[in-house]
2 protein chains.
Amino acid sequence: MLEFAILGLLHQSPMHGYELRKQLAQVLGGLRSISYGSLYPALKRLRAAGFVTTDEPDRHAPLPADAPPLTGRRGKVVYTITAEGKERFHELVSQAGPEAYDDSGLFGVRLAFFRHTAADVRLRILEGRRRTVERQREGLRSSVTRARERLDRYTLELQRHGLESVDREVRWLSELIDSERKNADSSGADPPRTDPETPTPTG
Amino acid sequence: MLEFAILGLLHQSPMHGYELRKQLAQVLGGLRSISYGSLYPALKRLRAAGFVTTDEPDRHAPLPADAPPLTGRRGKVVYTITAEGKERFHELVSQAGPEAYDDSGLFGVRLAFFRHTAADVRLRILEGRRRTVERQREGLRSSVTRARERLDRYTLELQRHGLESVDREVRWLSELIDSERKNADSSGADPPRTDPETPTPTG
DNA sequence: CCCCCGATGTATCGTTTCGATACATCACAC
DNA sequence: GTGTGATGTATCGAAACGATACATCGGGGG
C-alpha cells in the first residue's frame, strides 16, 4: 500500500522524503500519517527494486564498520520514479480485485489516484468496496443484536456508533457509484485510458 | 492497549487465548481484530510481568534445540489474572490523561471498560477525547480549504467524507457527555470536581 | 552580530503488530 | 469411519511504529 502511494506521488513529480511524507498524510485521508520508520525503508525497497532512483550516489549501501557512523554532511535526497516504476504503477492501478478494496487503507489510496484509473476499474473498485462494507455491516448488525443483553451501555454505544459510520460509508459509496454511472453514460461505452495530465473531468 | 484490554477481559473471567481473541474483536468495536501474532506475545509479556498465570507448567520457556519442535500434545491453556494483574488494571483504569484518549484505539478500549471506571474519570476521558477530535476536525477543515483547488474530485470526496465522520464523532461524544452529566446530577453522591477546564463553548 | 528556534530534512533503533501458516483436538454430519 | 469446520496454541518473517539523533537553514530578537 505504502509502495503504491509513493509511486503514485512520485509519478506526479520528484520529491524529498520529507515532502513525500506530508503529501502522504493528505492522500491517506488527512488524519492518518506515515512514520519515517516506515517511509525510508519503503523507499529503500523501491530503490532496490529499481522503481525509484536518487540523485545522490548510493547512500543506502552498508558502510565499512570502521567509518564514522555517517555523521556530518548528510545531503538532501531527491527521489524520482523510473520507467520501471511507472510501469509498475500502471500495473497496480489497473487491478480491480479484492485486494483493491478489502482493506480500507488501500482502498483510500486507490481512491486518491482515481484520476489515473480507468473508468471501468473505478466502478468495479467502488462496487467491490461497497459489498465489503455491506458485509461488515451485516456482521456488525448480528453481533449487536446477539450481544444486546450481555454488554453494558458503553460498549453498545460504541458498536452503535460504529454501525452508523459503516452505514454512512455505504451511502457515500452509493453516491460515488451513481455519479460514476452517470459519467459513463454520457461519455460513451468505450472507456479510454485516463491520461495523467487530464484536468478535472466534469467539475 | 492490548495489555489493558486483556487484563480487562481476564478480570471478568479466565479464558483461553482463542476466546480472548473473539471477545477482543467485540471490545475493539466489532470491525477491528487482533491477530494471534499479537495476542500470544502479549500474553507472554503479561505472564513474564506476573500479571497473568496459566494452568499449565511453563510452556513458554525456550526448548533445547534438539527437541522435536513441540509437535504433539499441545494442551489448552487457561489464562487467569493475578492479584498483581488486578492491581495493574485498576491503576490503568484510573488514568485520565491524554494517553487515554489521544489514540482512537485505546480510547475505544477505555470506553469498553467504563463500567470499571469512576464517574469523574469517565467524564474527563470523554471531554479529552472530544477536544482531541475537535482539533483533528479543525486541522482537516483547514487542510480541505487550502487544498480545494489543487486536489481532484475523488481526493476531495474522501476528505469530505472523513470530515463528516469526525463531525459525527464529536456529536456522538457530546451526547455521551450530556448523558454522563445528567447521571452525575441525579446521583449526587459522585465527585463534585468535574470540569476544571473549559466549559465547552458549544460544538 | 549572533544565537536560538522552528521548519525542513535524512536516517536508524528497539519494539510491536501483522498476515500467513503449521499443527492439534473435537463435534457432528454423512 | 471419515471429512469438514470450529476450537485451540503457537511461531515466522516482514512490515510498521514511536522515539530519537543528527543536520541545515531562515529569520527574529537581544
Side-chain angles (χ1 to χ4, degrees), chain A residues 1-6 14-25 28 32-49 52 54-63 65 67-79 98-99 102-106 109, chain B residues 1-6 14-25 28 32-49 52 54-63 65 67-79 98-99 102-106 109:
Chain A
M1 181 225 84
L2 189 45
E3 268 86 351
F4 178 84
I6 291 173
M15 254 179 271
H16 291 160
Y18 187 87
E19 176 71 10
L20 213 32
R21 186 179 184 247
K22 282 193 304 180
Q23 304 251 356
L24 236 21
L28 270 285
R32 229 185 204 5
S33 173
I34 284 305
S35 75
Y36 292 125
S38 310
L39 176 60
Y40 284 109
L43 284 170
K44 209 183 287 190
R45 289 196 298 274
L46 286 172
R47 189 176 184 279
V52 308
T54 59
D55 52 346
E56 290 222 347
D58 197 344
R59 304 200 73 269
H60 297 273
L63 290 168
L70 204 45
T71 181
R73 203 63 228 156
R74 186 179 288 175
K76 303 187 180 185
V77 182
V78 175
Y79 294 89
E99 71 278 1
D102 273 359
D103 174 69
S104 144
L106 186 44
V109 176
Chain B
M1 184 226 81
L2 189 47
E3 269 87 353
F4 178 83
I6 291 173
M15 254 179 270
H16 289 161
Y18 186 87
E19 175 72 11
L20 214 32
R21 185 178 185 251
K22 281 194 305 181
Q23 304 250 355
L24 237 22
L28 269 287
R32 220 165 236 311
S33 174
I34 283 306
S35 73
Y36 291 126
S38 309
L39 176 61
Y40 284 109
L43 285 170
K44 210 183 285 191
R45 288 195 298 274
L46 286 172
R47 189 176 184 279
V52 308
T54 59
D55 53 346
E56 288 220 350
D58 197 346
R59 303 200 75 267
H60 296 271
L63 290 168
L70 204 46
T71 181
R73 204 60 229 159
R74 186 179 288 177
K76 304 187 178 184
V77 181
V78 175
Y79 294 88
E99 71 277 1
D102 273 0
D103 174 69
S104 143
L106 185 44
V109 176

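The chains referred to below are lettered A, B, ... by the order of the sequence lines, with proteins before strands, and numbering in each begins at 1. Just so it is clear, the values below take in all heavy atoms, side chains as well, and ignore hydrogens, waters and symmetry mates.
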Tabulated below should be each protein N or O lying under 3.5 Å from an N or O of nucleotides 13-17 of chain C; please produce it.
unit_1, atom_1, unit_2, atom_2, d
dT17(C), OP2, Arg45(B), NH2, 3.2

Backbone N/O of Leu39(A) and side chain of Arg21(A): donor-acceptor pair under 3.5 Å: no
Check the distance between dC17(D)'s P and Glu99(B)'s CD and give it to me in whole angstrom. 21 Å
Please round to the nearest 0.5 Å and tell me the distance separating atom CD of Gln23(B) and atom CD1 of Ile6(B). 12.5 Å
Does the side chain of Tyr40(A) get closer than 4.0 angstrom to OP1 or OP2 of dA11(C) through an N or O atom? no
If you look at every heavy atom in Ala5(A) and Val109(A), which pair is closest and at what distance? CB-CG1, 3.8 Å
Starting at NE2 of His16(A), measure out to OG1 of Thr54(A) and round the result to the nearest 0.5 Å. 11.0 Å
Nearest-0.5 Å distance that lies between atom NZ in Lys76(A) and atom CD in Glu19(A): 11.5 Å
Side-chain N or O of Lys44(B) closer than 4.0 Å to phosphate OP1/OP2 of dA10(D): no
Gap between atoms CD and C1', on Glu19(B) and dT9(D) respectively (whole Å): 15 Å
Could you state the CZ-P distance from Arg47(B) to dT9(D), rounded to the nearest angstrom? 13 Å
Round to the nearest Å and state the distance from Leu39(B) atom CG to dT7(D) atom C1'. 14 Å
When rounded to whole Å, the CD to C1' distance for the pair Gln23(A) and dT8(C) reads 15 Å
Send over the distance from Met15(B) CE to dT7(D) P, rounded to a whole Å. 15 Å
Give me the ring orientation class for Tyr40(B) and Tyr79(B): parallel if the planes are under 30° apart, tilted from 30 to 60°, perpendicular past 60°. tilted
Phosphate contact (dT8(C) OP1 or OP2) by Tyr18(A) side-chain N/O below 4.0 Å: yes
What integer distance in Å separates Arg21(A):CZ from dT8(C):P? 12 Å
Between atom CE of Met1(B) and atom CG of Leu28(B), what is the distance when rounded to the nearest 0.5 Å? 5.0 Å
Please tell me which of the listed nucleotides, dG9(C), dA11(C), dG8(D), lies nearest to the side chain of Tyr79(A)? dA11(C)
In whole angstroms, the gap separating P of dG18(D) from CG of Asp102(B) amounts to 12 Å
